[in-house]
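What follows is a set of notes on a single structure, which appears directly below.
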Amino acid sequence: QVQLVESGGGWVQPGGSLRLSCSASGITLDEYDIGWFRQAPGKERELISCITSSDNMTFYEDSVTGRFMLSGDNARTTIYLQMTNLKPEDTAVYYCAGHWARYSYASCWYNKGLYAYWGQGTQVTVNL
């Protein structure tokens, strides 16, 4: 059974940092693209960062480039999203999602519509 669990959200002042974790069970991250999505109130859910399983390439949405960074643990069971210089517009529910990509040569960004496995989300709030 595939399970993704996010943690690490919370409240932070503008300019602060948070590290989100996506812990995976029931899957091998070598075969799954992992994406971080977010959904702000009144807005559609958007992909902001992902890592492609086939080549470990990472992608970032323009608004988070240079501020957010993906990494993984040595056991390849957890993907982290390090968020720095947070802004009020980063306030959203953040979700990690997985897409089985064993036979895919497309990037995780190209596959953004194919993520089938989702965590429950973690709230990030950035304000004074």
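For the single chain, residues carry numbers from 1 onward in sequence order.
The nearest pair of heavy atoms linking Trp36 to Ser21 is CH2-O, 3.6 Å. Between Ser49 and Trp109, the closest heavy-atom pair is N-CZ3, 4.0 Å. Scanning all heavy atoms of the two residues, the minimum distance from Ser53 to Ala101 falls at OG-CB, 3.8 Å. Here the closest non-hydrogen pair linking Leu18 and Leu86 is N-CD1, 3.8 Å. Ser104 and Asn111 make their closest contact through OG-ND2, 3.3 Å (heavy atoms, listed as atom of the first residue, atom of the second, distance). Among all heavy-atom pairs drawn from Asn85 and Arg67, the shortest one is O-NH1, 2.9 Å.
Residues Thr84 and Ser17 have side chains in contact (heavy-atom distance under 4.5 Å, counting atoms from C-beta outward). Looking at Leu128 and Pro14, their side chains come closer than 4.5 Å, going by heavy atoms from C-beta outward. Considering only heavy atoms from C-beta on, Leu70 stays 4.5 Å or farther from Ile34 through its side chain. In this structure, the side chains of Phe59 and Leu47 stay at 4.5 Å or more apart for every pair of heavy atoms.
No more than 12 heavy atoms of other residues, nucleotides or ligands shown are found within 6.0 angstrom of OH on Tyr117. The 12-atom threshold is not exceeded at CD of Glu44, counting heavy atoms of other residues, nucleotides or ligands nearer than 6.0 Å.
The main-chain N or O of Gly121 is found under 3.5 Å from a side-chain atom of Glu6 such that the two form a donor-acceptor pair. Counting only distance, with no hydrogens or angles, the side chain of Thr125 and the backbone of Thr91 share no donor-acceptor pair below 3.5 Å. For the pair Ser107 (side chain) and Tyr110 (backbone), a donor-acceptor distance under 3.5 Å is present.
Taking CZ of Arg45 as the reference point, atom NZ of Lys112 lies at 12.5 Å (rounded to 0.5 Å). To the nearest 0.5 Å, atom CD of residue Gln3 and atom OG of residue Ser23 are 9.5 Å apart. Here the OG-NZ distance, from Ser63 to Lys87, works out to 8.0 Å after rounding to the nearest 0.5 Å. Considering CZ of Arg102 and CD of Glu31, their distance stands at 4.5 Å, rounded to 0.5 Å. Between Leu81 atom CG and Arg19 atom CZ the span is 10.5 Å, to the nearest 0.5 Å. Here the straight-line distance linking atom OH of Tyr103 with atom OG of Ser54 works out to 14.0 Å at 0.5 Å rounding.
The aromatic rings of Tyr115 and Phe37 sit perpendicular to each other, their planes meeting at more than 60°, with 30° as the lower class boundary.
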Residue pair Asp90, Arg38: steps toward the side chain to side chain contact (heavy atoms under 4.5 Å, CB included) verdict: CA-CA 9 Å; Asp90 295 317; Arg38 69 184 180 188; 2.9 Å; yes

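Between the side chains of Thr52 and Asp33, no donor-acceptor pair of N or O atoms lies under 3.5 Å.
Under the 4.5 Å side-chain heavy-atom criterion for Ile, Leu, Val, Met, Phe, Trp and Tyr, Tyr60 and Tyr80 are members of distinct hydrophobic clusters. Using a 4.5 Å cut-off between side-chain heavy atoms of Ile, Leu, Val, Met, Phe, Trp and Tyr, with links allowed through other members, Met69 and Met83 fall into the same hydrophobic cluster. At a threshold of 4.5 Å between side-chain heavy atoms, the hydrophobic network of Ile, Leu, Val, Met, Phe, Trp and Tyr places Val2 and Ile51 in one connected group. No chain of hydrophobic side-chain contacts below 4.5 Å, direct or via other Ile, Leu, Val, Met, Phe, Trp or Tyr residues, connects Trp100 to Tyr95.
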